[in-house]
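Take a look at the structure below.
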Amino acid sequence: TSVQHIHQIPQVKEIIEAAKQYQKPIRIGINSGSLEKDLIEKYGVNELSMVESCLRYIKFFEANDFYDIVLSLKSSDVTTTIKAYQLISKKTDYPLHLGVTEAGTRFSGTIKSSVGIGSLLSQGIGDTIRVSLTDNPIEEVKAGFEILKSLDLRKFGREIISCPTCGRTKVNLIEIAKEIEEKRKHIKKPIKIAVMGCT
């Protein structure tokens, strides 16, 4: 369950009681695009307003004797996302769900997500991740796996190492690398395949 706004306190308390009964965690999701008006007036839309909003929700849940929570502080701006997670990680020990919201299409969204999620994971910040792309959800999972593999946080499947094209390239390296990547999708063992273009 994800809670983003506490508009109607009685209903949220009912959700908390149900989560307690069934021993289910609740994710507090803070999005820079839907912050409280008073926080925007106080700080603007940035990591400070996002973190203060998150702390408000934490206080509410703790006051209702509920501690099985996961925190998410997402922005479509990579720098704001990174700063928000860095700041909240210093103020609480609750698990953090990482992601860059509304990241974009497969190409630009994967880059933004990789920079945001990857930089935080490399600092030891974050417990779970979600890559959000305007594409087939399968592409989100693929991107997430690649982020984890590049940081040696997950050993799964083949890794293809291929050099960029340069003046020494003697073959159609781009097509060869694509073909090898496609034909080796079934490999589950953590191996590295090198594709070199010069002789």
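Computed from heavy atoms alone, side chains included, the values below leave out hydrogens, waters and symmetry copies.
- One hydrophobic cluster, built from ILVMFWY side chains closer than 4.5 Å, holds both Ile147 and Leu153.
- Side-chain atoms of Thr110 and Ser113 form no donor-acceptor pair, as typed in the model, at a separation below 3.5 Å.
- More than 12 heavy atoms of other residues, nucleotides or ligands shown are found within 6.0 angstrom of CD1 on Ile40.
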Would Thr105 and Ser108 count as a side-chain hydrogen bond (donor to acceptor under 3.5 Å, both in side chains) here? Give the steps. CA-CA 6 Å; Thr105 58; Ser108 61; 3.2 Å; yes
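- Taken to the nearest 0.5 Å, the OG1 atom of Thr79 stands 10.0 Å off from the NZ atom of Lys112.
- Between the side chain of Asn64 and the backbone N or O of Phe66 there is no donor-acceptor pair closer than 3.5 Å.
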Is there a side chain to side chain contact (heavy atoms under 4.5 Å, CB included) between Ile69 and Ile58 once you walk through the steps? CA-CA 8 Å; Ile69 55 179; Ile58 291 172; 4.1 Å; yes
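- Among residues at least two apart or in separate chains, there is no salt bridge (charged side-chain N to carboxylate O under 4.0 Å, His left out) pair with a member in residues 61-90.
- Partners of Glu17 by salt bridge (Lys or Arg N to Asp or Glu O under 4.0 Å), not counting sequence neighbours, listed by chain and number: Lys20.
- More than 12 heavy atoms of other residues, nucleotides or ligands shown are found within 6.0 angstrom of OH on Tyr67.
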Leu148 vs Ile129, test: side chain to side chain contact (heavy atoms under 4.5 Å, CB included). Steps then yes/no. CA-CA 9 Å; Leu148 296 175; Ile129 68 170; 4.1 Å; yes
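- Note that the SG atom of Cys54 and the CG atom of Leu35 stand 11.0 Å from one another [nearest 0.5 Å].
- Considering only heavy atoms from C-beta on, Thr81 stays 4.5 Å or farther from Leu73 through its side chain.
- Remark: Gln86 CD to Gln123 CD distance equals 4.5 Å, nearest 0.5 Å.
- Side chains of Phe60 and Lys13 form a contact here, defined as non-hydrogen atoms less than 4.5 Å apart.
- Each of Ile82, Val131, Ile125 was evaluated against Ile117; a single residue qualifies, Val131, per the side chain to side chain contact (heavy atoms under 4.5 Å, CB included) test.
- No side-chain heavy atom of Glu175 sits under 4.5 Å from any side-chain heavy atom of Glu179.
- Rounding to the nearest 0.5 angstrom, the gap separating the CE atom in Met50 from the CG atom in Leu55 is 12.0 Å.
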Chi angles and distances behind the salt bridge (charged side-chain N to carboxylate O under 4.0 Å, His left out) call for Arg56, Asp38: CA-CA 12 Å; Arg56 282 182 180 179; Asp38 66 311; 2.5 Å; yes
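- For the side chain to side chain contact (heavy atoms under 4.5 Å, CB included) with Leu96, the qualifying choice from Thr128, Asp127, Leu120 is Asp127, the only one to do so.
- Judged by distance alone, the side chains of Thr80 and Glu47 never bring a donor and an acceptor atom under 3.5 Å apart.
- Rounding to the nearest 0.5 angstrom, the gap separating the CD atom in Glu52 from the CG atom in Leu87 is 10.5 Å.
- The minimum heavy-atom distance linking Asn46 with Ser49 is given by the pair O-OG, 3.0 Å.
- Contact check for Ser132 versus Val100: no side-chain heavy atoms found under the 4.5 Å cut-off.
- Listed by chain and residue number, nothing satisfies the salt bridge (Lys or Arg N to Asp or Glu O under 4.0 Å) test with Glu102 (two or more places apart in sequence, or in another chain).
- How far OG of Ser89 is from OH of Tyr94: 15.5 Å, rounded to the nearest 0.5 Å.
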Do Ser72 and Ile30 pass the side chain to side chain contact (heavy atoms under 4.5 Å, CB included) test, and can you show the C-alpha distance, the side-chain angles, and the key distance before you say yes or no? CA-CA 6 Å; Ser72 174; Ile30 306 300; over 6 Å; no
May I have the step-by-step check of side chain to side chain contact (heavy atoms under 4.5 Å, CB included) for Val70 and Ile28, ending in yes or no? CA-CA 6 Å; Val70 177; Ile28 297 174; over 6 Å; no
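- Closest of all the heavy-atom pairs between Ala19 and Ile26 is CB-CD1, 3.8 Å.
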